[in-house]
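What follows is a set of notes on a single structure, which appears directly below.
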Amino acid sequence: MAGRWRLVPVFLSLLLLSLGVLFARSTSEAATYIRPDQTCELPGARVNRSSPVAIDLNNNGILEVVVATSDGWVYAVDMVNNCRILWQRQLADYINPVAPLSSAQTVESSPTAADLNGDGYPEIIVTTGWMPQYHMNGAIVALDRHGNLLPGWPVLALDINGAGDPPWHPDGYADGFFSTAAVGDVTGDGKSEIVVGGFDKCIYVLRSDGTSAPGWWNHQQNRPSRCLIDTIWSSPALADLDGDGANEIIIGTDAHPQYNGGSVWVLKGNNNLLSGWPVYTTQIIQSSPAIVDLNGDGYLDIVVGTGTYYPGAGGHKMYAFDRFGNNLPGWPTPTTGNMPNSPAIADLTGDGRPEVIMGCGAEQDVGNSNICNGNHVYIWRHNGTSLPGYPARMKQAIPWDPPAYGGVAIPPVLADFDNSGKIRVFAVSTGAVGVSVFPYDNPQAVTMYTPALTDPLRSAPILADLTGDGRLEMITAGGRNGRAALFRWHLTAQQSSRKPWLMYRANPARTGQTQAPPRLDVQPTSVHLMHQQGSTRPLTINLRVQNAGEGEMKWNLHLPPNIAASQLSGTVDDQPIEITITVETNDYTMADTYDIGSLTFTGTVHETPVAASPFSVPIRLTTGSISRTYMPLTSK
């Protein structure tokens, strides 16, 4: 069993080291630090690893910020209106009545927001608990928009670990969760499920009422049906890999049959494995997968890093798999250190092909320039080659000189926040007290966003337009003097449409999927017209051209003879384009059924065909004695 419980003492020593240096060294230096425009101090303990989520809880056009603290509190904060706390909840109050009493509670995962019950308002899902030897209960908690516990929750983890040295035996407390929950429809029933992995080695797939989805609970053993041979740190990604309309579950684990590595699993909504999975690796997988069509074939691929448990170079790599579990050409790519971080995805260069962005190293990699060559950031093209200048050493947002070395273990976020045409990378390195922001093509041009006299930042920032004025803001969650705090920066200029990865796991539902690749779709998919014999009146019908994926796509229409269209080309994004097709009937006056040809649509991005292109719509015409009956309208 990988276990990895040795990680915590390193975290504590890192925190003390960073704080000691922060107050011992002078903060005067040549670098420019941009201070936050707003600081919201909260009563709870500082935020550890938990990245906040910005969501409109009240459907009033204002985004609130939901954040979880290291002592088990969840806060909903209206930062727009003077840091007003809408509600605050101690998760232990919900867990202790249904579990052995523990003296403390903590959250090391990130809150997830999604509409679970279809009422038009978001719910909040938080996983709790920490390493089992700390003897606190791990649970999945679902709250409504007012912070009230939903019926059927919390759901406790199993008690597998916690006692002994190493702590691989039950201790009377439900094991904890490091994994952040993801929400999406995995069963194909049109309703969302909650998916998360635990330190109890099990994968949970739960419905909105807290019950397990079909196939995910072993009623004989009273435990989840999919429990592995080792712990799960990775957060799941959800995406439809096989095109059947339901999301698959993609997650990394510590599990390996020989206990000398890890694995990546892809599971259907009925708990069956997708063909080709799992894939076993030479290092545990702490990294959380990101999902993207990396090679441009119209199908989604999986990008994931490694972990930190086994020594040696087995974890010094980055993986990219196709949906069948095969390594994509050029992958895995070697790195100079372990890669437990989680990747972000974006088309940085604007060529229609995505890049993968990720920092090297772990939280415990501090003060050693030999690990990952210091604080290195990697950017790979879709084929596994590095962008020019990468890997690059990033200047850290640490107000002392010389800069400390360490891992870049916190997932980056990405956006063109100032409409400059260039996506910026927002990254946090180990021990930093702020965020380093730089254009992707110039990693030395770092702007540092750093609160004054703050604790080291240990979670990913988020980018959001809280007020709806078209300008992005950056929010970080951390601490000031050991207490929780939110920090907000107003970023300059009007934002552009290029906002590929604004938060940890890409979106509030934490699915880990970047924009779905463009896919051409035309409705209806076939046309059968009726025509009165002897008439030469043209016939018309309306068609809708749409992008079933995301982003902008060019389309063109090629017509057979005797057919005209109101529009032959254009661009389409998330709004369908309606065109009128006109069929001339002069040549079809005899009673018969005619196949008069097909409308052929093509879709491209940067001259590259998108999925489902070309798309043909066949047209048939029946000529004869046509009678039309108009039925009366009926209302109920």
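Every heavy atom of this structure was used, including side-chain atoms; hydrogens, water molecules and symmetry mates were not. All of these numbers come straight from a predicted model, not from anything done at the bench.
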Steps toward side chain to side chain donor-acceptor pair (under 3.5 Å) verdict (Q286, T308): CA-CA 8 Å; Q286 291 170 283; T308 61; 3.0 Å; yes
Stepwise side chain to side chain contact (heavy atoms under 4.5 Å, CB included) check, I85 with L42: CA-CA 9 Å; I85 297 177; L42 304 174; 3.9 Å; yes
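- Separation of atoms CZ (R510) and CD1 (I194) is listed at 14.0 Å; rounding is to 0.5 Å.
- Using modelled atom types, one side-chain atom of E64 and one backbone atom of L57 make a donor-acceptor pair closer than 3.5 Å.
- Minimum heavy-atom separation, V107 to T127: CG1-O, 3.6 Å.
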Test side chain to side chain donor-acceptor pair (under 3.5 Å) applied to D185 and S192, step by step: CA-CA 4 Å; D185 180 11; S192 291; over 6 Å; no
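- Residues Q38 and C83 have side chains in contact (heavy-atom distance under 4.5 Å, counting atoms from C-beta outward).
- In terms of modelled atom types and a separation under 3.5 Å, the side chain of R226 and the main chain of N271 share a donor-acceptor contact.
- Side-chain contact, S50 with S459: no donor N or O sits under 3.5 Å from an acceptor N or O.
- No side-chain donor-acceptor contact under 3.5 Å links N338 to the backbone of P340.
- Side-chain contact check for H376 versus V408: every heavy-atom pair is 4.5 Å or farther apart.
- The two residues S51 and P461 make their nearest non-hydrogen contact at OG-O, 4.2 Å.
- A salt bridge links D455 with R46: the closest approach of a Lys/Arg side-chain nitrogen to an acidic carboxylate oxygen falls below 4.0 angstrom.
- Remark: the backbone N or O of I160 is paired with a side-chain donor or acceptor of D175 at under 3.5 angstrom.
- Here R207 does not pair with E193 in a salt bridge; the nearest charged N to carboxylate O distance is not below 4.0 Å.
- With hydrogens and angles left out, the side-chain atoms of Y378 and T336 include a donor and acceptor closer than 3.5 Å.
- When only modelled atom types and interatomic distance are considered, S70 and E108 share no side-chain donor-acceptor pair under 3.5 Å.
- Between the side chains of Y319 and S287, not a single donor N or O lies within less than 3.5 Å of an accepting N or O.
- The pair R480-E41 counts as a salt bridge, with a side-chain nitrogen and a carboxylate oxygen less than 4.0 angstrom apart.
- In this structure, the side chains of T128 and T106 stay at 4.5 Å or more apart for every pair of heavy atoms.
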Full working for side chain to side chain contact (heavy atoms under 4.5 Å, CB included) between I462 and E473: CA-CA 8 Å; I462 61 170; E473 296 143 282; over 6 Å; no
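- Side chain of T281 to main chain of G261: no donor-acceptor pair is present (N/O by atom type, distance under 3.5 Å, no hydrogens or angles).
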Side chain to side chain contact (heavy atoms under 4.5 Å, CB included) evaluation trace for N148 with L143: CA-CA 5 Å; N148 300 317; L143 308 174; over 6 Å; no
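- When all heavy atoms of P343 and V303 are compared, the closest pair comes out as CG-O, 3.7 Å.
- The CD1 atom of I232 lies 7.0 Å from the SG atom of C202; values are rounded to the nearest 0.5 Å.
- Between the side chain of D159 and the backbone N or O of D171 there is at least one donor-acceptor pair closer than 3.5 Å.
- Distance check: I291 CD1 to L241 CG gives 6.0 Å after rounding to the nearest 0.5 Å.
- Counting heavy atoms from C-beta on, the side chains of N270 and T187 never come closer than 4.5 Å.
- Between W130 and F199, the ring planes lie tilted relative to each other; the angle falls in the 30° to 60° range.
- Side-chain N/O atoms of N218 and S225 include no donor and acceptor closer than 3.5 Å.
- Judged by distance alone, with hydrogens and angles left aside, the side-chain atoms of Q90 form a donor-acceptor pair with the main-chain N or O of D71 at under 3.5 Å.
- Counting heavy atoms from C-beta on, the side chains of L150 and D209 never come closer than 4.5 Å.
- For the atom pair CD (E123) and CH2 (W153), the distance works out to 10.5 Å, reported to the nearest 0.5 Å.
- Remark: the backbone N or O of G434 is not paired with any side-chain donor or acceptor of T450 at under 3.5 angstrom.
- A pairwise comparison of heavy atoms in L156 and I95 identifies CD2-CG2, 4.0 Å as the closest pair.
- Put simply, the side chain of Y504 never gets that close to the backbone of V53: no donor and acceptor are under 3.5 Å apart.
- For the pair L116 and I125, the minimum side-chain heavy-atom distance is below 4.5 Å.
- Taken to the nearest 0.5 Å, the CG atom of D144 stands 8.5 Å off from the CG atom of L149.
- Q283 places a side-chain N or O within donor-acceptor distance of the main-chain N or O of Y310, the cut-off being under 3.5 Å.
- In this structure, N341 and M339 have side chains that are not in contact, with every pair of non-hydrogen atoms separated by 4.5 Å or more.
- Remark: A255 pairs with L228, I229, T253, S263 by the side chain to side chain contact (heavy atoms under 4.5 Å, CB included) rule, at least two apart or across chains.
- Aromatic ring orientation, Y449 versus W489: perpendicular (interplanar angle above 60°, classes split at 30° and 60°).
- Taking the six-membered ring for Trp and the full ring otherwise, the centers of Y204 and F177 sit less than 6.0 Å from each other.
- Here the straight-line distance linking atom CG of D200 with atom CG of L158 works out to 4.5 Å at 0.5 Å rounding.
- Between L91 and V74, the closest side-chain pair of non-hydrogen atoms falls below 4.5 Å.
- Across all their heavy atoms, P167 and N161 have their closest contact at O-CB, 3.3 Å.
- Donor-acceptor pairing under 3.5 Å is recorded for the side chains of Q396 and S429.
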Side chain to side chain contact (heavy atoms under 4.5 Å, CB included) evaluation trace for I285 with V304: CA-CA 8 Å; I285 304 293; V304 68; 3.8 Å; yes
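- Taking every heavy atom of both residues into account, I124 and A113 meet most closely at CD1-CB, 3.9 Å.
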